[in-house]
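Index from 1, following the sequence. This structure is a prediction, so every number in the text was calculated from the model and none was measured.
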Amino acid sequence: MSPSASAPTPTTPFGASADLPKPPGLTWRVQSREPVGYDVHIVRGLLDPANPTLARACGADGQNPTRCLVVVDDKVRTLYGERVRAYLDAWRVESFWKVLPGDEAAKELTSAVEVTEAMTAMGLLRRTEKVVAIGGGVVLDVAGFAASLYRRGVPYVRVPTTLLGQIDAGIGVKTGVNHGTHKNRLGTYYAPETALIDPEFLATVDPRHIVNGTAEIIKMALVKDRTLFELLEAVVAGAGPQSLTAGGAAATEVISRAIAGMLDELEPNLWEQVLERSVDYGHTFSPSLELRADPPLLHGEAVAADMAICVALAHHRGLLCADDTDRALRLMHDAGLPLSHPVFTTDLLAESLRDAVKHRDGLQRVPLTDGIGRVRFVNDLTHEELGRAREFVAQRAAALGAPEDGRVLAVAS
């Protein structure tokens, strides 16, 4: 505002114009949009020095030296550390290393702080030097969380090495760590510059972790892709989940359809402004089970037990016919996934649902299968329904020969 030309301009002792509007007239609204774009590549032979993909992601051209921080889980370092170091050396990338445990217990704030301290120790440049996270979902989440915090954000690259990482944790924008008794209670939305998926890493993944990732593929099939569900039925009934590591046509189609379906769901809703998310299927009750099961369950194993409850809920509501209900439960069982667990009492299911309501801004927003390959959201699940679904799953699990104590089925290597 400018003062009138005919009147003297009163001033405050500080020299400011005194004709400023009185509160609440002092109001500003700031609006800004920041575009987000990142690439997801399926590329074989990622660690072959003749393959420039990883080097380019690190900003290297082979002529001019550059640097990066490699955040890697301990098992991957043992298996691939020498190859990673040789590759980066060949491309004149000086690498600094931070090794983390890859198990769920390491997914905590302390680990993320340790990663930021490694950035400080190497003197990571804020824009031109990259953090390269190599490993399973835990390391990817921790490294991404640290990258989002350090100097309010430094660039990072994801190289998921597990099936779960390649079709789920490694291709979105969410980062986070567990806190207290809650999964991913502290986290950010922070996109990598790129995610590089090499199926050849799966050849050295423990069979249980292949099954673990299969749960998230089954999730996508149940809520989005009936063709994927039928393909999984054929693969699991034939060669079993371990065939996904073989690199054949069927395995490639399964993995690529799972990735495409996940990205199709994530892209229009990266920041979860819309809280009805089909990819939350199997993630309403599983966080409590995953943190309380003893012996511990892997993420996908807990998701499978959650999905089984949701299959039963859908069946009892008339959304899933008896035949498709049996097919869904049998596919999870045949894949080596648990369908039930003693920790899943009706009271715990109800408690988990209450916590989900808080996370979903006051409504249940529970995704249920509306026929295989489709989803419907419900907001009126009752304690009685949860108990009935739990009993139904326990009966079906027993009929399929699943262990009553929720143990994970043995998977042949």
Side-chain angles (χ1 to χ4, degrees), residues 103-104 136-138 140-141 160-172 183-184 202 205-225 228-233 235-237 240-245 251 254-255 257-259 261-262 265 277-291 293 295-312 314 325 327-341 343-344 352 367-369 372-373 375 393 396-397 400 402-403 406-411:
D103 59 316
E104 193 71 18
V138 169
L140 300 181
D141 276 356
T161 59
T162 63
L163 181 58
L164 181 64
Q166 294 188 351
I167 56 92
D168 187 285
I171 63 175
K183 283 278 294 178
N184 298 315
L202 301 181
V205 173
D206 181 90
R208 183 180 174 187
H209 284 271
I210 296 297
V211 173
N212 182 51
T214 303
E216 292 285 358
I217 301 179
I218 293 173
K219 174 190 79 175
M220 294 308 303
L222 285 172
V223 299
K224 190 174 179 66
D225 191 342
L228 177 58
F229 182 88
E230 292 168 351
L231 184 59
L232 279 170
E233 283 185 312
V235 167
V236 170
Q242 201 63 22
S243 64
L244 296 177
T245 68
V254 166
I255 292 173
R257 289 187 78 100
I259 292 172
M262 176 66 77
E265 290 297 309
R277 303 172 68 245
S278 65
V279 292
D280 281 341
Y281 188 74
H283 292 70
T284 299
F285 311 107
S286 60
S288 296
L289 175 58
E290 189 174 348
L291 288 174
L297 292 179
L298 300 178
H299 175 74
E301 295 164 352
V303 166
D306 184 315
M307 290 193 296
I309 293 291
C310 290
V311 165
T325 298
R327 289 173 67 193
L329 295 176
R330 181 174 293 278
L331 176 59
M332 287 185 270
H333 171 78
D334 289 350
L337 291 160
L339 298 180
S340 61
H341 196 281
V343 168
F344 256 177
S352 301
L368 298 178
T369 45
I372 292 175
V375 69
V393 171
R396 294 303 174 94
L400 289 168
R407 285 181 293 108
V408 179
L409 297 176
V411 181

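We find the CG-CD distance between D280 and E265 to be 10.5 Å, quoted to the nearest 0.5 Å. Here the CD1-CZ distance, from I309 to F285, works out to 7.0 Å after rounding to the nearest 0.5 Å. Distance check: I217 CD1 to Q166 CD gives 9.5 Å after rounding to the nearest 0.5 Å. The distance from the CG atom of L329 to the CG atom of D334 is 11.0 Å, given to the nearest 0.5 Å. To the nearest 0.5 Å, the span separating CG on L339 from CZ on R396 amounts to 11.0 Å. Expressed to the nearest 0.5 Å, how far NZ of K183 lies from CG of D141 amounts to 7.5 Å.
Here the shortest heavy-atom pairing between P367 and C310 reads O-SG, 4.3 Å. Considering all non-hydrogen atoms of both residues, A302 and S286 come closest at O-CB, 3.4 Å. Among all heavy-atom pairs drawn from T161 and G136, the shortest one is OG1-N, 3.7 Å. Scanning all heavy atoms of the two residues, the minimum distance from P241 to T214 falls at CB-OG1, 3.8 Å. Residues K219 and Y281 share a closest heavy-atom pair of CD-O, 3.1 Å. In this structure, S278 and V375 approach most closely via the heavy-atom pair CB-CG1, 3.9 Å.
Inter-residue side-chain proximity for V311 and M332 is flagged as met; some heavy-atom pair is nearer than 4.5 Å. The shortest distance between side-chain heavy atoms of I255 and L163 falls below 4.5 Å. Using a 4.5 Å heavy-atom threshold, the side chains of L337 and I218 count as touching. Using a 4.5 Å heavy-atom cutoff, the side chains of T162 and N212 are not in contact. Two residues are said to be in side-chain contact when any heavy atoms from C-beta on lie closer than 4.5 Å; Q242 and V211 fail this criterion. With contacts defined as side-chain heavy-atom distances shorter than 4.5 Å, the pair E230/E233 qualifies. You'll find the side chain of M262 stays beyond 4.5 Å of the side chain of I167, heavy atoms only. A 4.5 Å side-chain heavy-atom check between E104 and H299 finds every atom pair outside the cut-off.
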M220 and R257: CA distance, side-chain angles, deciding distance, side chain to side chain contact (heavy atoms under 4.5 Å, CB included) verdict:
CA-CA 9 Å; M220 294 308 303; R257 289 187 78 100; over 6 Å; no
Taking it one step at a time, do D103 and V138 satisfy side chain to side chain contact (heavy atoms under 4.5 Å, CB included)?
CA-CA 7 Å; D103 59 316; V138 169; over 6 Å; no
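Remark: V205 pairs with L202, H209, I210 by the side chain to side chain contact (heavy atoms under 4.5 Å, CB included) rule, at least two apart or across chains. In this structure, the side chain to side chain contact (heavy atoms under 4.5 Å, CB included) partners of A293, at least two apart in sequence or on a different chain, are L289, L297, H341. Residues passing the salt bridge (charged side-chain N to carboxylate O under 4.0 Å, His left out) test with D306: none are found, sequence neighbours excluded.
Annotation: R277, atom CZ; neighbour count of heavy atoms from other residues, nucleotides and ligands within 6.0 Å is above 12.
E216 and H283 share a side-chain donor-acceptor pair at under 3.5 Å.
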